[in-house]
Chemist: 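My structure is below; once you've seen it, I'll send some questions.
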Amino acid sequence: WMQWRRLWNSWWGPVTLAVVAPAGLSGLFALVRSHWQNTNAALVLVLLVVAVAATGRRSAGVVAALSAGVSFDFFLTPPFESLDIARASDIETAALLLLVGVGVSELAFWGRRQQAAATRTSGYLSGLHDAAQITVAANVSPSDLIERVCRQLELVLGVPMCRFDYGTGLGHTRLRRDA
């Protein structure tokens, strides 16, 4: 079981699924193609591509879209079991299948990056809050508290330096152009 899990977590697991699943599903649809319309089969293939793209691996999503397009052409468009397409509507369906698959893959990849950025920011802010709580609970001097909070703010904001200026109170905070 651990070997399968390691394979899935590597690059090869999702990419293998991306190649095999659309081809296998298209092969199954080929068995009942007289009872199915190609557009319905294409929609089910899009669902499969979306599922693979949801892993957040761009390569797997793109490979799934390519595999779905080629499998759709090979198994479900006349002349069957060749890479020729006779009808214009089947060409459009295959092209749209590919475009939707690549688009969904890009969206899923972008979503994963946004999630990672949000998690990092949340961790920084949590660290800022924790630093302040621990410092206050430990009866540390105000200057040490300010120093710790400034270091955490430097991490959160990505600035080279932070300092606290005693001012007139809330509502008069300022962030200069140099942060």
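FYI, the numbering just counts along the sequence from 1.
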Chemist: Does Val44 reach the side chain of Asn40, with side-chain heavy atoms less than 4.5 Å apart?
Modeler: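 The answer is no; the side chains never approach within 4.5 Å.
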Chemist: Are Leu76 and Leu48 linked, directly or through intermediate hydrophobic residues, by side-chain heavy-atom contacts shorter than 4.5 Å (ILVMFWY only)?
Modeler: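 In one cluster: yes.
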Chemist: What distance separates Asp73 CG from Ile85 CD1, expressed to the nearest 0.5 Å?
Modeler: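 Asp73 atom CG to Ile85 atom CD1 measures 3.5 Å (nearest 0.5 Å).
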Chemist: Honestly curious: do Leu45 and Val50 fall in one hydrophobic cluster under the side-chain, below-4.5 Å linking rule?
Modeler: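 Same cluster.
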Chemist: Do Leu97 and Leu83 sit in one hydrophobic cluster, given that two such residues count as connected whenever their side-chain heavy atoms are within less than 4.5 Å of each other, even indirectly?
Modeler: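 Leu97 clusters together with Leu83.
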Chemist: Would you say Val104 and Phe72 are hydrophobically clustered, going by side-chain heavy atoms of ILVMFWY under 4.5 Å?
Modeler: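 Result: yes, single cluster for both.
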Chemist: Side chains of Val49 and Val100: does their closest heavy-atom pair fall under 4.5 Å?
Modeler: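 Not touching, per the 4.5 Å side-chain cut-off.
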Chemist: Which residues pass the side chain to side chain contact (heavy atoms under 4.5 Å, CB included) test with Val19, sequence neighbours left out?
Modeler: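 With neighbours one apart ignored, the set is Val63.
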Chemist: When you look at CD of Glu106, are more than 12 heavy atoms from neighbouring residues, nucleotides or ligands closer to it than 6.0 Å?
Modeler: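 More than 12 within 6.0 Å, yes.
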Chemist: To check you understand the geometry: which heavy-atom pair defines the closest contact between Glu154 and Met161, and what is its length?
Modeler: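 It is OE2-CA, 3.4 Å.
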Chemist: Do you reckon Val70 sits in the same ILVMFWY cluster as Val46, going by side-chain contacts under 4.5 Å, direct or chained?
Modeler: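 Yes, Val70 connects to Val46 through the hydrophobic network.
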Chemist: Which pairs would a plain distance check flag for residues 25-34, meaning a side-chain donor or acceptor within less than 3.5 Å of a matching protein atom at least two apart in sequence or in another chain?
Modeler:
unit_1	atom_1	unit_2	atom_2	d
Ser26	OG	Pro22	O	2.9
Arg33	NH1	Phe75	O	2.5

Chemist: Any idea which heavy atoms bring Ala18 and Ala60 closest together, and the distance?
Modeler: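 Looking at all heavy atoms of both residues, the shortest contact is CB-O, 3.2 Å.
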Chemist: For the residue pair Ala108 and Ala53, what are the closest heavy atoms and their distance?
Modeler: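 Shortest heavy-atom separation between Ala108 and Ala53 comes out as CB-O, 3.0 Å.
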Chemist: Do any pairs count as a side-chain hydrogen bond (donor to acceptor under 3.5 Å, both in side chains) and have a residue in residues 84-101, sequence neighbours left out, and if so which ones?
Modeler: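 Passing the test, one end in residues 84-101: Asn38-Asp90, Arg87-Asp90.
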